[in-house]
Peer 1: 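Take this structure first; my questions come after.
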Amino acid sequence: MKTALGLTMAVAVASACPAMAAPEMVTGAVVYDLTLEDKGGILSGVTGSMTAQMTRDCDTYWTESSLSAEFEGPTGAMTMEMSSVVSETADSLGFDILGKFASIEVDRAEGIATRTEDGVSVALTEPETETLGVDGDVVFPLGMIKGSIAAAKAGESLASFVVYDGSGHGRDVWLVSVIIGAPIDPASDEDEEALFAAGLGFADMARWRMVFSYFPREASGDQTPVFTSTAVVYENGFVQAASYDFGEFAIRLTLEEFSPIPPTPCP
């Protein structure tokens, strides 16, 4: 169950922050293929897909996503279903998240987080009515991606963020450590993913390989992350594929389809 919860949280993060977009950047509809990347762990196979649509209406980003997958393990096949609707501005995050593993509800959260002078105030309506406070310099998922790109453009190799994304029944707060690789030379980047991005007009765009490690905020000392995500991130927020490493196994989301959706400008 611990692994299922970790996977659900990771998918919630991916749903709230699809690899295709960041503030004031590319938006669109995507289909990802889900596969097992590390075949030496506890799973023997993974099949499934994730769909997401992100749109921007003035300064609000809306993301609707769903995932359906089947995991082959020692006890047989188990299914996972995940759905989320997320809206984000610079100062607020609305979320409605539902996750089931083997037909058992492992995550449910609905509410809105609002930035305050001291941090973030969270008003939950699911799984129960509750008000929470998160102190400090907290960012939302798209804010983290935008901050990571800004750090990369400034030549920094490390960045860290305190992130609230609505996962973990609306109670989780993440400490995310980001390792930023050197800029990738577009002229020498000729793998299949780069060619796909080139077809979308991103051939000459700056990009960096980034590793995002997610820790509980209260973690201290030499801790093992709950999971890590690795991807090549483009300057406009585009990512074609991402891998998620849970320690016992790793899965990969590969972009199969991408359809840009123009944003709706402010009045």
Peer 1: Is there a side-chain contact between Trp174 and Val162, using heavy atoms and a 4.5 Å cut-off?
Peer 2: no
Peer 1: Give the table of side-chain donor-acceptor pairs shorter than 3.5 Å for residues 124-136, with sequence neighbours excluded, one pair per line with atom names and distance.
Peer 2:
residue : atom : partner : partner atom : Å
Thr125  : OG1  : Glu110  : O            : 3.3
Glu128  : OE2  : Arg171  : NH2          : 3.4
Glu130  : OE1  : Arg171  : NH2          : 2.7

Peer 1: Decide side chain to side chain donor-acceptor pair (under 3.5 Å) for Thr89 and Asp91; before the verdict, give the C-alpha distance in whole Å, the side-chain angles of both, and the deciding distance to 0.1 Å.
Peer 2: CA-CA 5 Å; Thr89 69; Asp91 296 318; 5.6 Å; no
Peer 1: Quick one: does NZ or CZ of Arg115 land under 6.0 Å from the six-membered ring centre of Phe140, within 45 degrees of the ring axis?
Peer 2: yes
Peer 1: Would the distance check show the side chain of Tyr164 and the main-chain N or O of Gly170 forming a donor-acceptor pair, the cut-off being under 3.5 Å?
Peer 2: yes
Peer 1: Distance-only, no hydrogens or angles: does the Arg108 side chain make a donor-acceptor pair with backbone N or O of Ile97 under 3.5 Å?
Peer 2: yes
Peer 1: In terms of side-chain heavy atoms, does Ser148 have a donor or acceptor partner in Trp208 at a distance below 3.5 Å?
Peer 2: no
Peer 1: Looking at residues at least two apart in the chain, or sitting in another chain, which of them share a side-chain contact (heavy atoms from CB on, under 4.5 Å) with Ala77?
Peer 2: Glu70, Glu72
Peer 1: Ignoring hydrogens and geometry, is there a side-chain-to-backbone donor-acceptor pair from Arg207 to Val239 under 3.5 Å?
Peer 2: no
Peer 1: How long is the straight-line distance from CG of Asp172 back to OH of Tyr214, given to the nearest 0.5 Å?
Peer 2: 12.0 Å
Peer 1: Test salt bridge (charged side-chain N to carboxylate O under 4.0 Å, His left out) on Glu235 and Lys153; report intermediate values, then the result.
Peer 2: CA-CA 8 Å; Glu235 185 178 9; Lys153 293 174 70 173; 3.1 Å; yes
Peer 1: For residues 250-265, which side-chain donor-acceptor pairs fall under 3.5 Å, sequence neighbours excluded?
Peer 2:
residue : atom : partner : partner atom : Å
Arg252  : NH1  : Glu37   : OE2          : 3.4
Arg252  : NH2  : Glu193  : OE2          : 2.4

